[in-house]
Amino acid sequence: MSRMENSPLPSEDMIARLIAQATSDDGAGASNLITLRAIVEEASEAGAARALGRMGLADESAQDDIDELRELLGAWRETKSGALKAALDWIMRGMFALLLIGIAVRLGVPEMVR
């Protein structure tokens with residue numbers, strides 16, 4: 001469970017209370033710095049939760065979805081790498097075949113076969 005789920009107030013209410021606490025003029029500079037850091041942390045968590053919600057990754061199955069996407073991306077990379085390697089292998093085989101044909105023509109193998 002995240003900190004946001006454990007807090008008794010919704011994140012926006014918590015941020016509003018922290019801002020009110022930071023703007024109160026009680027002369028406590030160090031306390032205001034701590035409060036400002038808490039505001040930044042709460043706002044960051046609220047923004048991250050909102051962004052995940054908009055992307056559809058705020059539910060319980062989100063981690064499974066991300067794991068599946070990572071597996072799919074890994075498989076795509078392996079397939080792409082394998083296809084590139086296979087294409088290069090075929091190109092090299094074709095070049096060697098052309099080289100052998102060129103050598104055979106230079107040596108006069110077609111005339112020997114006749």
Side-chain angles (χ1 to χ4, degrees):
M1 248 186 215
S2 73
R3 237 174 62 128
M4 284 179 20
E5 293 170 0
N6 290 336
S7 65
L9 296 173
S11 186
E12 290 80 16
D13 291 342
M14 177 66 78
I15 294 170
R17 290 188 66 195
L18 287 169
I19 290 173
Q21 181 180 342
T23 56
S24 68
D25 197 43
D26 59 4
S31 174
N32 284 347
L33 181 61
I34 293 170
T35 303
L36 289 174
R37 285 184 180 175
I39 291 170
V40 169
E41 185 177 336
E42 288 294 326
S44 298
E45 286 183 14
R50 191 175 311 138
L52 288 173
R54 286 180 182 163
M55 291 188 307
L57 296 173
D59 58 353
E60 296 82 29
S61 65
Q63 185 62 48
D64 294 336
D65 294 342
I66 291 173
D67 291 341
E68 189 174 336
L69 285 171
R70 285 184 177 163
E71 285 179 31
L72 185 61
L73 183 59
W76 167 253
R77 287 178 178 157
E78 288 176 21
T79 302
K80 188 171 66 169
S81 173
L84 181 62
K85 186 176 184 262
L88 289 175
D89 285 347
W90 278 103
I91 290 170
M92 291 302 294
R93 286 179 186 177
M95 289 175 62
F96 284 133
L98 288 174
L99 180 65
L100 286 175
I101 291 170
I103 291 172
V105 168
R106 278 282 213 197
L107 293 175
V109 172
E111 287 87 28
M112 285 187 218
V113 174
R114 288 184 193 172

ask   = Can you name the residues that form a side chain to side chain contact (heavy atoms under 4.5 Å, CB included) with Leu57, not counting sequence neighbours?
value = Leu52, Met55, Ala62, Ile66

query = side chain to side chain contact (heavy atoms under 4.5 Å, CB included) with Val40: which residues, sequence neighbours excluded?
reply = Ser44

query = Closest approach of Pro110 and Ala104, non-hydrogen atoms and distance?
reply = CD-O, 3.7 Å

ask   = What's the shortest heavy-atom distance between Ala58 and Gly53, and which atoms?
value = CB-CA, 3.7 Å

Sequence neighbours excluded and cut-off under 3.5 Å, please list the side-chain donor-acceptor pairs for residues 88-98, or say none.
none

task = To the nearest 0.5 angstrom, please state how far the CZ atom of Arg70 sits from the CG atom of Leu72.
result = 13.0 Å

request  = Measure the NZ-CG distance between Lys80 and Leu73 for me, rounded to the nearest 0.5 Å.
outcome  = 8.5 Å

message = Per the salt bridge (charged side-chain N to carboxylate O under 4.0 Å, His left out) rule, what does the pair list look like for residues 95-107, sequence neighbours excluded?
response = none

ask   = Quick one: side-chain hydrogen bond (donor to acceptor under 3.5 Å, both in side chains) partners of Glu78, sequence neighbours excluded?
value = none

Those residues that, when tested against Ser61, pass side-chain hydrogen bond (donor to acceptor under 3.5 Å, both in side chains) (two or more places apart) = Asp59

query = If you group Ile, Leu, Val, Met, Phe, Trp and Tyr by side-chain heavy-atom gaps below 4.5 Å, do Met112 and Ile103 land in one group?
reply = no

